[in-house]
Amino acid sequence: MAVPAWAEPGTVVVVGGALADDNADVYRAMIDAMPADARDVVIIPAASGIIGRSVPRAAKAFEAHGVEPSRIRVVEVAIVDDPDTKLVDESRWASGASNPSEVAKLAGAGLIWMLGGDQLRIMAALVASDGSDTPMLAAIRQRLEDGAVIGGTSAGAAVMGEHMIACGSPDVALTAPVSRDLKNCEGRDEDAASVPLVLGRGLGLLPGTVFDQHFSERNRLSRLMRAVACIDATSVTGVGVDEDTGFVFELGRETGHVTGRGTITVIDPSDGHRSCERAVMENARFARFPAMKD
């Protein structure tokens, strides 16, 4: 009797934001990793507050890198309305992650792409109020298990890890008390000097990690350091991703590499001691990896 072949788990691509439309290295890394029998690109706009602009731009960028327009799909899942789209109220898409017709759009997805904006909107859209997976999030996990690519930029990057930085300014990251109350992020500019660090759960597509985006450009090393020091877990690795840069991790091979125009910074505290109250990590290992170039 023939034994069915099991698909190898797919690839997670974490982009640090400000992805240039002509960044062929990042786009090709995602597109080339798509399964041969699943060539749809599905865009999840939940984080965005300017869906009328961000979705067409993302679609055009994928088209420019060889994806057929008929293969690009958009799921109607969002939390806030884009005031510029007069004929559509995107806030009515809040239950889209439980809508069978929207979930069905993921069936042939080789790449699921999460836009930037506000990471709390992604979590609110894809995670049920009791903390369980919505049908759409369950479908995303299944597609990843079946070999698809799951990628996200900026806010879409922040949610990829098991843990998440919800908001917080690097200016006070090492001195202000750390909160786990997500309400402390509501209506606040996370780069404002007075916003303390707030931690939460991520989607967990890469277990044991916490990501920070716009990393070098916004001087977020202190923020990521404090996050790693304060996350209550046996082991956690912090990864800071620069803008226009992607961290590509192949789950099946358990290997990753950097592509694009910047670097990633990795904080590994496993051989040392962490203290959230003192905001220190003793004997932690720090490493910086530049993008691979042909």
Side-chain angles (χ1 to χ4, degrees), residues 12-21 23 26-27 30 40-65 67 69 72-99 102-103 105-106 109 111-127 134 136-137 139-140 149-161 164-167 182 185-192 198 200 202-203 205 211-215 217-218 241 243-246:
V12 175
V13 180
V14 183
V15 179
L19 177 60
D21 296 345
N23 191 329
V26 172
Y27 279 101
M30 294 191 288
D40 285 358
V41 173
V42 177
I43 298 172
I44 294 182
S48 180
I50 52 170
I51 289 174
R53 284 176 282 167
S54 59
V55 167
R57 177 178 176 180
K60 288 180 180 178
F62 281 112
E63 289 177 31
H65 293 282
V67 178
I72 300 173
R73 314 188 76 183
V74 180
V75 292
E76 293 185 355
V77 55
I79 297 298
V80 299
D81 178 44
D82 178 355
D84 291 335
T85 55
K86 302 299 184 182
L87 300 180
V88 181
D89 181 355
E90 290 87 357
S91 67
R92 295 187 177 184
W93 300 353
S95 60
S98 297
N99 184 330
E102 296 304 315
V103 176
K105 293 178 180 179
L106 301 177
L111 166 59
I112 299 170
W113 179 242
M114 299 187 191
L115 299 182
D118 184 340
Q119 51 264 46
L120 295 182
R121 295 174 189 161
I122 299 177
M123 299 303 296
L126 296 182
V127 179
T134 59
M136 184 170 290
L137 182 53
I140 291 170
V149 180
I150 312 296
T153 182
S154 192
V159 301
M160 291 293 171
M164 182 183 74
I165 296 174
C167 66
L182 300 182
C185 294
E186 293 178 358
R188 306 183 73 174
D189 178 359
E190 67 172 321
D191 288 313
V198 178
L203 297 179
L205 301 182
F211 288 98
D212 208 345
Q213 68 279 23
H214 305 284
F215 193 69
E217 292 78 8
R218 300 187 186 179
V241 187
E243 293 181 356
D244 211 17
T245 303

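Because the structure is a prediction, the values reported are computed rather than measured.
- Looking at Tyr27 and Val67, their side chains never come closer than 4.5 Å, going by heavy atoms from C-beta outward.
- In terms of heavy-atom proximity, Ala58 sits nearest to Leu115 at CB-CD2, 3.8 Å.
- Inter-residue side-chain proximity for Leu120 and Met164 is flagged as met; some heavy-atom pair is nearer than 4.5 Å.
- The two atoms that bring Ala166 and Leu182 nearest to each other are CB-CD2, 3.7 Å, heavy atoms only.
- Counting heavy atoms from C-beta outward, Leu203 and Leu126 have side chains that approach closer than 4.5 Å.
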Where do Arg57 and Asp21 land on the salt bridge (charged side-chain N to carboxylate O under 4.0 Å, His left out) test, with the steps shown first?
-> CA-CA 8 Å; Arg57 177 178 176 180; Asp21 296 345; 3.0 Å; yes

Given side-chain contact (heavy atoms from CB on, under 4.5 Å), test Asn99 with Glu76 step by step and report yes or no.
-> CA-CA 9 Å; Asn99 184 330; Glu76 293 185 355; over 6 Å; no

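- Side chains of Met30 and Trp113 form a contact here, defined as non-hydrogen atoms less than 4.5 Å apart.
- For the pairing with Ser154, the side chain to side chain contact (heavy atoms under 4.5 Å, CB included) check across Gln119, Met114, Gln213 returns one residue only, Gln213.
- Considering all non-hydrogen atoms of both residues, Ala59 and Ile72 come closest at O-CD1, 3.5 Å.
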Starting from the C-alpha separation in whole Å, work towards a yes-or-no answer on side-chain contact (heavy atoms from CB on, under 4.5 Å) for Met160 and Ile150.
-> CA-CA 9 Å; Met160 291 293 171; Ile150 312 296; 4.0 Å; yes

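- Looking at heavy atoms from C-beta onward, Ile44 lies in side-chain contact with Ile140 at the 4.5 angstrom threshold.
- Separation of atoms CD1 (Ile79) and CD1 (Ile122) is listed at 10.0 Å; rounding is to 0.5 Å.
- Contact check for Phe215 versus Thr245: no side-chain heavy atoms found under the 4.5 Å cut-off.
- Asp40 places none of its side-chain heavy atoms less than 4.5 Å from the side chain of Lys105.
- How far CD1 of Ile165 is from CG of Asp212: 4.0 Å, rounded to the nearest 0.5 Å.
- Across Val15 and Val241, no two heavy atoms sit closer than the pair C-CG1, 4.3 Å.
- Here the closest non-hydrogen pair linking Leu111 and Gly151 is CD1-N, 4.3 Å.
- A donor-acceptor distance shorter than 3.5 angstrom exists from the side chain of Ser54 to the backbone of Ile50, with no hydrogens or angles considered.
- Residues Asp81 and Arg92 form no side-chain contact, since every pair of their non-hydrogen atoms from C-beta on lies 4.5 Å or further apart.
- Between the side chain of Ser95 and the backbone N or O of Ser98 there is no donor-acceptor pair closer than 3.5 Å.
- Under the 3.5 Å distance criterion, the side-chain polar atoms of Ser48 are left unmatched by any main-chain donor or acceptor of Ala46.
- What you find for Ala157 and Val14 is that their closest heavy atoms are CB-CG1, 3.4 Å.
- In summary, of the residues considered (Val80, Val77, Val159), a side chain to side chain contact (heavy atoms under 4.5 Å, CB included) with Arg121 occurs for Val80 alone.
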